[in-house]
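Chain identifiers are assigned alphabetically (A, B, ...) following the order of the sequence lines, protein sequences preceding nucleic acid strands; residue numbering begins at 1 within each chain.
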Amino acid sequence: MTETTKRILLVDAFSYLYRAFHAIREMRSPAGEPTNAIYGVLSMLKKLRQDYPSDYIACVFDPKGKTFRDEIYPEYKATRSAMPEDLASQIDPLVEAIEATGWPIVVVDGVEADDVIGTLAYNASQAGCRTVISTGDKDLTQLVSDKVLWVNTMSNERLGPEGVKEKFGVPPERIVDYLTLVGDSVDNVPGVDKVGPKTAAKLLQDYGSLDALVAKADEVKGVVGENLRKALDWLPTARVLVTVKHDVPLPFNVDSLTFRGPNKEKLLALYDRFGFRTMRDALLKDDAPSPLGEGRVEGSAPPSRAVNSAQPASVPTPPPTPTASFVATRNYETVLTPEALDKWVAKVEGAPLVCFDTETTSLDPMTAELVGLALSVEPGEAAYIPLRHTYPGAPDQLPFAATLARFKPWLEDASRAKVAQNAKYDCHVLANEGVRVRGIAHDTCIASYVIDSYQRHDMDALAMRHLGAKTIPFEDVAGKGAKQISFAQVALDKATEYSAEDADVTLQLQGVLGPKVAADPKLDRVYSEIEMPVSRVLFAMERNGVLIDSQLLAKQTHELSEKMLALEHRAYEEAGQPFNLGSPKQLGEILFVQKQLPVKKKTPSGAPSTDEDVLEQLALDHPLPKILLEHRGLSKLKSTYTDKLPRMVNAKTGRVHTNYGQTVAVTGRLSSTDPNLQNIPVRTAEGRRIREAFIAPPGSKIVSADYSQIELRIMAHLSGDKSLIDAFGRGEDIHRHTAAEVFGAATADVTSEQRRYAKVINFGLIYGMSAFGLAGNLGIERSAAASYMDKYFARYPGVAQYMERTRAEAKEKGYVETVFGRRLWLPDIKSANAPRRQGAERQAINAPMQGTAADLIKLAMIAVQGWLEREKLATRLVMQVHDELVLEVPDTELSRVKSEVEKLMMGVAKLDVPLVVEAGVGENWEKAH
DNA sequence: CTGCTAGCATA
DNA sequence: GTATGCTAGCAGA
């Protein structure tokens, strides 16, 4: 090639200004001026110049005044909110700094940056030049051609003509038509009602162009056609608004748009003013440029490097520090060769702490198959090792088994510290491939949960909160919903950007969260002695799974169907017509319109409620509600349990493997999903039959051990109430004791109704109840409920004081704690909004009790699992239901396990009240109770 | 095809 | 009155 094509690089500055401002955490200069957007844009410009070396470059800004679009459409951009003050104040210094870096800045009065860019790109194409347009604005994809490339540096998207077609469903030359139809809510340009991206693309594919579509507007069917015809008058204006001009007069010569080199003196002064130390240092060292560029930066966002770029000489970096500094270098490598593999095996084996992350085919941990592995040993550097990407044209990858085998010794070595985000999942995935991961030292998800359970703990949220970094969402690489593709279908370059980033960011998060947890002895204890150890136990329990008698459930499904069918017919007769018993809407119509039954209460959205309470009241006046109640009960059992559970049996293990959520419940409890094994029916005889299907294999039994009255005992302990502690100490029936106190009777004379009332009161206390709530629950006058509560608090003054103390402490500190120091923050505790504040007060009362109970059983699980492993028993923990542990125990181990589990559970902590455990044995879960 | 509501299962 | 998760129905794409 003798002829060299000239290249031109055009940057839409404003589109990045906003993004940088929002994506980068707050940064301030020593003088306190906001600087994050300045930092972001400067870093990006530097990166762009590295990634796209060009003959001409320009950083294009919008002018301050109005443009022709405002003239023809006064509403243009009318819905844009004013620029935040902290962003507006950064513009002038940014312009100054950009000029000092040597970039030509272009602002044309009365002409939007888009139109300047359009004109420059058009002229360049005419002259045979190639143009790269760097912008976050999708509208500019209309300029894409074989000579014009659209690049979004923030999201790592690059679109040529094919890319545009793939992304929008239409080629670049139809983007104007597309935007006209869809409209632009950001700029306040309406399109055609109900026409979104998909519909617009389809219409243009069907009709060829907007003109052709308009010509045949009468043929378009449905609501879309109607709306299109309504919009016909508007469309020409919309089209002008969304069309980027390519013929505006430019008051300068393109030849002037060259990089001028930095004005070092000025730039140094500005860096000093902004507090950009690393940028300043890099500029000073510029005479001897390092291959790493700026490397590590305090604050944020040094330049990145392309995937697969050559490895820089290894530069020792300090360990991640507790300050929220984010290394935005993206030195990410796709490992495809034996040499690169050797290097990374050596890297992980030599590193004190390694972050790893798996990419898989599924979210279900037990069936997910490994697609690739990401590793990071220092900030800003990571590798993605694709193993099973299968899309057409996928590059040859390292052999799966042999490659995994290279990492296996390290993965299985408990002395080699690893960190991951939600490590339990990755451990399952690797276990599915025959690797038993050991040495999980840290989990960023769990650390975040321990610090503040109320926050979100997904990696994207953590990166934003603790590093000020916006990470690539999974949806961006794999899509979402029905059109989501498997990670195995994701192109290697995209996969590397995503997966390596996950490993990199997780390692950096550990650098922030680890010290945060370690710095607080209470949090450190909850993290190190409860959550991390119990995570291993949960992994084991999930893998163990529980055996289900699918045949029995099938039989129950059948019986339920028949009973429901009979009930349906009876309901139709009573109603005088057939209807869907499962539809609250249809049901409301029958009950409240046709039958004119009284509306007892409304749902939050205003419809008459048909819930259990209401139907029970209505059942007194009419036979239909009773039938509905019965039907509902059976329907719930069938759909949620007898139908569903057999479908959840894992084909390989023949067992059901739930997934315990360790970072979901704000109080410290676990949650259980897919399926939820923590809400298997128990209250009704019908429901309990489902528990008969939870079985042990031949030669084994189910052992169920639960804490008795655990939360009330914790209340006694926390409150120090003497009467309550003594009652528990004597082993009394606590509800009976409460009834005797509240109703002034001898314990022996308490009626069953009095005991029932006392039980409701006791539960209410745990929930932070009010007299109002108690009255509602017992169906009594509020004054009566209030007098019971007064009586209670008079008899148990320690409890009354404890409640008051807890509320006061919550208000003072903003959080409450469990016995073990687990913390629950209560952001609403000082809310001016009374219902919110009262809600927070109830949480303040409840959380220490619910949370301490959670702590206790987690400690018990750790103790039980530890004992089982040490004793090399075949007994397996199979379920946890908040205050109950369920085990599958070989007959030979039965007596030993039963007594030891009881002992371990009771002895897990020494409270001021005894912890009582009730254990049972049976051939199924129901009989074990 | 996705997101919401109503209702209900557990501790 | 605390804490969860799941299903069916239904509306809006």
Exercise for review: Quick one: sort the A:Phe539 and A:His428 rings into parallel, tilted or perpendicular, breaks at 30° and 60°.
Suggested key: tilted

Practice item. Return the set of residues passing side chain to side chain contact (heavy atoms under 4.5 Å, CB included) with A:Val599 (not counting sequence neighbours), or none when no residue passes. Key: A:Phe592, A:Lys602, A:Pro608

Review point. Among residues 630-642 of chain A, which contact DNA chain B at a heavy-atom distance under 4.0 Å?
Key: A:Arg632, A:Lys636, A:Tyr641

Distance-only donor-acceptor hits, side chain of residues 843-854 of chain A, under 3.5 Å, sequence neighbours excluded:
{"from": "A:Gln843", "atom 1": "OE1", "to": "A:Tyr454", "atom 2": "OH", "distance (Å)": "3.0"}
{"from": "A:Gln843", "atom 1": "NE2", "to": "A:Tyr454", "atom 2": "OH", "distance (Å)": "2.5"}
{"from": "A:Asn846", "atom 1": "OD1", "to": "A:Gln850", "atom 2": "NE2", "distance (Å)": "3.2"}
{"from": "A:Asn846", "atom 1": "ND2", "to": "A:Ile766", "atom 2": "O", "distance (Å)": "2.9"}
{"from": "A:Gln850", "atom 1": "OE1", "to": "A:Thr667", "atom 2": "OG1", "distance (Å)": "2.7"}
{"from": "A:Thr852", "atom 1": "OG1", "to": "A:Val819", "atom 2": "N", "distance (Å)": "3.1"}
{"from": "A:Thr852", "atom 1": "OG1", "to": "A:Pro848", "atom 2": "O", "distance (Å)": "2.5"}

N/O contacts under 3.5 Å, protein versus nucleotides 1-4 of chain B?
{"from": "B:dT2", "atom 1": "OP1", "to": "A:Ala482", "atom 2": "N", "distance (Å)": "2.5"}

Point to revise | Pairs meeting criterion side-chain hydrogen bond (donor to acceptor under 3.5 Å, both in side chains) with involvement of residues 765-782 of chain A, two or more places apart | key: none

Point to revise | side chain to side chain contact (heavy atoms under 4.5 Å, CB included) against A:Asp721, all qualifying residues, sequence neighbours excluded | key: A:Ser719, A:Ser723, A:Leu724, A:Tyr796, A:Pro797, A:Val799

Exercise for review: Enumerate the residues from residues 768-777 of chain A whose closest heavy atom to DNA chain B is under 4.0 Å, giving them by residue number; use none for an empty result.
Suggested key: none

Practice item. Under 4.0 Å between any heavy atoms, over every strand shown, what does A:Arg669 touch: base, sugar-phosphate, or nothing? Just pick one. Key: base

Review point. Using a heavy-atom cut-off of 4.0 Å to chain A, what are the terminal contacting nucleotides of DNA chain C, in 5' to 3' order?
Key: C:dG1 to C:dA13

Exercise for review: Could I get the full list of side chain to side chain contact (heavy atoms under 4.5 Å, CB included) partners for A:Thr557, not counting sequence neighbours?
Suggested key: A:Ser561, A:Lys638, A:Thr642, A:Asp643

Practice item. Check each residue of residues 672-682 of chain A for a non-hydrogen atom within less than 4.0 Å of any atom in DNA chain C, then write out the ones that pass by number, or none. Key: A:Ser672, A:Thr673, A:Asp674, A:Asn676

Exercise for review: Please list, chain by chain and in numerical order, all residues satisfying side chain to side chain contact (heavy atoms under 4.5 Å, CB included) with A:Lys830, sequence neighbours excluded.
Suggested key: A:Lys811

Practice item. Can you check whether any acceptor in the base of B:dA9 is under 3.5 Å from a donor in the side chain of A:Arg683, or vice versa? Key: no

Check your understanding: Is A:Arg822 salt-bridged to A:Glu531, going by a charged N under 4.0 Å from an acidic O?
Key -> yes

Give every donor-acceptor pair under 3.5 Å between a side-chain atom in residues 577-587 of chain A and any protein atom, sequence neighbours left out.
{"from": "A:Gln577", "atom 1": "NE2", "to": "A:Gln594", "atom 2": "OE1", "distance (Å)": "3.0"}
{"from": "A:Asn580", "atom 1": "OD1", "to": "A:Gly582", "atom 2": "N", "distance (Å)": "2.8"}
{"from": "A:Ser583", "atom 1": "OG", "to": "A:Lys585", "atom 2": "N", "distance (Å)": "3.4"}
{"from": "A:Ser583", "atom 1": "OG", "to": "A:Gln586", "atom 2": "N", "distance (Å)": "3.1"}
{"from": "A:Gln586", "atom 1": "OE1", "to": "A:Asn580", "atom 2": "N", "distance (Å)": "2.8"}

